Amino acid sequence: MNRAVPVIELHGVSRSYGTHLALQPLDLAIEPGEVFGLLGPNGSGKTTTLRVLATLIRPTAGAAVVHGHDVVTAATEVRRLIGVMPEKPSLYERLSIRDNLLFWADAHGVPEPGTAIAAALEFVGLGGRERERVGELSKGWRQRVALARAIVHRPPVLLLDEPSSGLDPSAAVAMEAMVLELTAGGTTVLMNTHRLAEAARLCHRVAILRQGQLVGLGTPGEIQSRLLGHRLGVRLGEPADAALRAAIEGAPGVTGIRWEGSGFRCQLEDAGRDTPQLVGRLVGAGARVLAVVPEGDLEAAYLELMGAPVARLDAAA
Amino acid sequence: MTTLQVSMPVRALVRKELREYRRHRMIMLTAVILPIAFLVLPIVNLVLFNAETSLGGVDLAVGQAMFCFFLTPVIIPATMAAFSVIGERDQGTLEPLLTLPLSDREFLAGKVFAIVAPAVLVSFGIYLVYTGIAFVGTEGEIRAATLDWTWPFGFFLLTPLLAGFSTLAGMAFSVRARDIRVAEHLSGLVLLPSMLPLMLVVTQAIPARPVTWLALAAALVLIDATLWRLALRAFDRERAISAS
């Protein structure tokens with residue numbers, strides 16, 4: 001991703017509630033079109049960060065800026081630029097889908113609200129259902145309406161708090177697809193999520209927070225590599241003989257190896273550099289290579305950061 | 001409020017509020033049943049008036065009827081005002097609502113207008129029905145007293161101010177209280193004693209002259225302006241969402 005002027009900037013933003021420091025000074029810069037994930041357990045400061053950017057709470061110290069507008073001194077300007085989807089759909093249940101969206105479109109001064117509402121509902125798969133009362137919809141459909149509401153005025157910045165919370169797997173996948181489509185159109189997305197696999201698939205970069213402190217920042221791949229090293233699982237057509245084992249254990253870049261049946265797991269100094277050489281050496285030694293799979297994922301990295309032993313995850317798997 | 005432009009977001013908020021009130025059973029009951037009761041009672045009073053058996057005479061009878069009409073713009077907004085902010089919080093809609101491009105002043109102004117406007121319209125409506133019935137269906141002393149111009153003068157002058165008073169008092173509690181019933185009870189505690197001056201006028205303890213109405217109106221303007229400032233000062237976005 002090209003470096004561009006950040007859409008969202010946090011400069012030493014912290015937030016206290018009484019004596020409790022909910023968010024320690026946080027610096028972030030989120031670029032246009034980026035999907036940025038905030039990960040962390042409950043109480044880690046994710047929602048606090050989102051609320052600061054949504055102008056709902058003020059930072060105790062530091063400054064948060066959206067498209068050049070400070071969230072405290074230019075809050076109304078910021079509100080024009082953001083679309084917010086809270087964790088709960090937070091819709092007017094007595095009103096119809098259309099009336100919910102019409103309120104938002106009118107409040108943002110959308111010139112042709114009818115067209116904008118139809119487009120937003122079409123986008124979330126609710127085309128033609130605008131007359132239905134929100135109170136009669138399932139949780140999944142309400143989430144879709146909440147997303148439609150957040151995008152009806154086509155904001156350049158979307159703040160999503162657990163967008164797939166409580167959704168069944170197929171609805172969650174549909175939500176992911178919608179977020180990806182929005183970013184393809186240039187929208188910048190900042191999202192909180194507990195779903196690490198979702199974050200790994202969706203987010204260009206993630207920040208991992210623990211007890212209000214930033215403990216990890218980067219692409220999901222960078223975080224995995226940094227925390228878990230460069231691990232590889234290799235499956236062979238038949239168990240390795242002593243000669244093959246010796247050849248592989250002495251290969252450059254291989255820092256550890258564990259043989260398991262007709263294959264092995266190894267630790268490399270640099271997976272990008274060493275994997276092709278290792279595979280070449282295997283093929284050169286006459287081995288049938290069935291699969292080469294990088295090991296470890298964002299979830300393992302996350303648990304590592306949270307203090308849970310990764311080995312236990314491996315064992316459980 | 002003079003610097004407040006009726007911006008697009010405020011108009012949108014007012015329209016949303018009115019749509020929501022129409023679908024809120026409790027609010028509709030308050031806004032429909034109470035005015036009907038406040039219309040029927042004075043009409044019964046008119047129809048059954050008997051100068052020979054009436055204890056207070058015609059002026060007291062008309063004054064009692066007028067008290068119902070003065071109560072209408074006070075009672076109707078009370079529930080709506082208490083609901084306005086706490087209701088949003090209880091149904092989980094306050095947080096996204098506060099991310100709309102509305103300043104605190106615009107947010108409260110939209111909420112206040114959406115309550116005051118229907119309360120005033122309903123109050124005017126039932127009073128016009130009452131005077132129409134009095135015009136057509138009564139005669140003599142009771143007709144003259146009912147249609148005496150000082151009553152509509154006072155009523156049309158004070159009704160918007162009374163509705164504003166009730167709304168702003170309810171709103172001041174709604175932005176701070178954590179429960180709708182608490183806000184309703186607290187605003188009731190403020191509203192009912194404040195009806196005492198009106199009670200003195202309608203019972204003829206203070207003559208219902210134009211100067212009396214003007215004095216009451218001036219007092220209400222001051223009270224409403226003070227309550228507006230108090231509500232604006234009491235409104236704190238963080239506090240409003242923190243109880244959710």
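Because the structure is a prediction, the values reported are computed rather than measured. First the proteins, then the strands, lettered A, B, ... as listed; each starts at 1.
Inter-residue side-chain proximity for A/I57 and B/R237 is flagged as unmet; no heavy-atom pair is nearer than 4.5 Å. A/T76 places a side-chain heavy atom less than 4.5 Å from the side chain of B/P101. A 4.5 Å side-chain heavy-atom check between B/L100 and A/R79 finds every atom pair outside the cut-off. B/R22 is not listed as a side-chain neighbour of A/R94, based on a closest heavy-atom distance of 4.5 Å or more.
Rounding to the nearest 0.5 Å places OG1 of B/T99 at 12.5 Å from CG of A/L53. The CG atom of A/D161 sits 7.5 Å away from the CD atom of B/E95 when rounded to the nearest 0.5 Å. To the nearest 0.5 angstrom, B/K16 atom NZ is 9.0 Å from A/N100 atom CG.
Across B/L98 and A/T55, no two heavy atoms sit closer than the pair O-OG1, 4.2 Å. Residue A/A107 comes nearest to B/P9 through the heavy atom pair O-CG, 3.2 Å, listed as atom of the first residue, atom of the second, then distance. Closest non-hydrogen pair, B/L97 versus A/F103, comes out as CD1-CZ, 3.5 Å.
Judged purely by atom type and a 3.5 angstrom limit, B/E238 has no side-chain atom pairing as donor or acceptor with the backbone of A/L56. Listed for the A/S90 side chain is a donor-acceptor partner under 3.5 Å among the backbone atoms of B/G92.
Contact annotation for B/L102: only backbone heavy atoms (N, CA, C, O) come within less than 4.5 Å of a heavy atom of chain A. Using a 4.5 Å cut-off between heavy atoms, A/R149 contacts chain B through its side chain alone, with no backbone atom that close. Heavy atoms of B/R19 lying under 4.5 Å from chain A belong to its backbone as well as its side chain. For A/L91, the part sitting under 4.5 Å from any heavy atom of chain B is the backbone (N, CA, C, O) and nothing else.
Between B/R23 and A/E93 no salt bridge is recorded (no basic side-chain N to carboxylate O distance below 4.0 Å). The pair A/D106-B/R15 meets the salt-bridge criterion, since a charged nitrogen lies less than 4.0 angstrom from a carboxylate oxygen.
Applying the 6.0 Å contact sphere to OH of B/Y130 captures more than 12 heavy atoms from other residues, nucleotides or ligands.
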